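Working notes, beginning with the structure itself.
Every heavy atom of this structure was used, including side-chain atoms; hydrogens, water molecules and symmetry mates were not. Worth saying up front: this structure is predicted, and the values here are computed from it rather than measured.
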Amino acid sequence: METRVATVKMRNITKTFGSVVANDKVWLDIYKGEILALLGENGSGKTTLMNMLSGIYFPDEGDIFINDEKVVIRSPKDAFDHGIGMIHQHFKLVDVLTAAENIILGLEGKLDIKAASAKIREICDAYGFEVDPNQKIYDMSVSQKQTVEIVKVLFRGADILILDEPTAVLTPQETDKLFAVLRNMRDAGKAIVIITHKMHEVEDLSDRVAVLRQGHFVGDMPTKETDAQEMTNMMVGHAVTLNINRPEPVDPKPRIEVSGLTVRSIDGILKLQDVSFTAMSGEILGIAGISGSGQKELLEAIAGLQPVEGGSICYIEDDGTRDELLGKDPLRIAEKGITLSFVPEDRLGMGLVGGMDLSDNMMLRSFRKGKSIFTDRKGPRNLAKRVVEDLSVKTPSIETPVRKLSGSNVQKVLVGREIASAPKVLLTAYAVRGLDINSSHTIYDLINQQKQNGVAVIYVGEDLDVLLELCDRILVLCAGKVSGIVPGRGAKKRDLGMMMTRLGGNSNV
């Protein structure tokens, strides 16, 4: 049997940030002609390890070998010189420039747009990309921007590609196209590493998986010799239940009725047009759509945070009494005895105060209930302790400012606080974005508990597999309009993907 030789060998790689050990003597091999999935919980050191390979960080200890030659990588330029390119979750493109201009930006020597465009087309033909070199970035979809980022590293001669959460905001159809291209690149001899939390994608795409846990390398194996359950157990260190429960709604009643909702941005751009639906108590209504399809504006309008051009948003009591929410700010909505909780997309911008500690951020929910809250801080402190314990928030103490926490821990603090307020309506925007599979399932369980308590949950998500498993009904937005409403049970992912990209389908329920 032929012995494979790793094109990249990382040996005893250690990286610390203050007292936090992100990577501890990690060994990792990367092979050409292979797609490697790098797995681990939040904070396990996946992205840090790849940032050292791509020149963003420099290891405190350890060595990196490329084709059995020891190398020193101190910058992204050094990484490119060794054929390594990383495609980050947040694209690094200049919107007003064309694809070709972005791809050659920063290169040394005489820049020839015509020659660059010809080379770009060669790369696209070789691997199955679709890129118009002359198209402006601001005219592109998320998928097209990602394609430009991949072509940019290939243009610079990369043979080793690292992709961080590459499908986070792609439709199923766009994901299929990306996977086809990645397989073509693998078959052409490229080495590809993907960092992802989506286990079904790991099983579908990768040839081998490597697992990190708390900064340590746990092990690797061929993907075909393992499954999602075993991989998750390795990441967490103990057995984990992966099934998302979906209890049947009990005595659902209309709770929020949205009719003809129309919203424009401050620039006059139409964000929502004639949106109508009803959210029921004791159910989870999922909202699906390509990023920027009006999800943010919809939740903010219901919460009283977004000016509305037209339409109606009614809150309906159990006895049928109706209260119009339009024109009321969040405080006036609360004064009417209507309890809304809101987990916004912008965690630190809208949800939490970065300079305040955990208990003070808990107090933001309750300080209007009476002056005594400022002298008796026991309630907020106890709530902070409970959220830290229940959601496994990693923090030195509850006195730590939330801006010093990782993104996933900030998210847990916000979701925990909002759910703890015992709402009648829970609005969540990407509640598990960036969370590992174990933390995500904790949030799903909490949301299901709220559903069983009779709360009307509106859940905006980007993972269609989760929407189909968790939600009772799914409303699909396409460019600010309702493309359709389908039952969560029995709906097909491909159908949702089609509805996200073009208007079609009628409300089934």
Atom pair CD/CD of Glu174 and Gln146 - distance to nearest 0.5 Å: 9.0 Å
Tell me whether Glu317 is salt-bridged to Arg322, with the criterion being a basic N under 4.0 Å from an acidic carboxylate O. no
Please report, to 0.1 Å, the donor-acceptor pairs under 3.5 Å made by any side chain of residues 260-271, with sequence neighbours excluded.
unit_1	atom_1	unit_2	atom_2	d
Thr262	OG1	Asp274	N	3.3
Arg264	NE	Glu309	OE1	2.7
Arg264	NE	Glu309	OE2	3.4
Arg264	NH1	Gly268	O	3.1
Ser265	OG	Asp267	N	3.2
Ser265	OG	Ile269	N	3.2

How many angstroms lie between atom CD of Glu165 and atom NE2 of His88, to the nearest 0.5 angstrom? 13.5 Å
Check Arg473 with Glu283, please: is the shortest side-chain N to carboxylate O separation under 4.0 Å? yes
To the nearest 0.5 angstrom, please state how far the CG atom of Leu477 sits from the OG atom of Ser483. 8.5 Å
Measure the CE-CD distance between Met199 and Glu230 for me, rounded to the nearest 0.5 Å. 10.0 Å
Would you say Ile195 and Met50 make side-chain contact, with heavy atoms under 4.5 Å? yes
In sequence, state the C-alpha distance, the side-chain angles, and the governing distance for Glu469 and Arg489, and then conclude on salt bridge (Lys or Arg N to Asp or Glu O under 4.0 Å). CA-CA 8 Å; Glu469 283 189 67; Arg489 295 167 180 81; over 6 Å; no
Roughly how far, to the nearest 0.5 Å, is the CG atom of Leu496 from the CG atom of Leu468? 5.0 Å
Partner of Ile485 under side-chain contact (heavy atoms from CB on, under 4.5 Å), chosen from Ile474, Leu475, Thr278: Leu475
I'd like to know whether the aromatic ring centres of Phe17 and Tyr57 sit less than 6.0 Å apart in this structure. yes
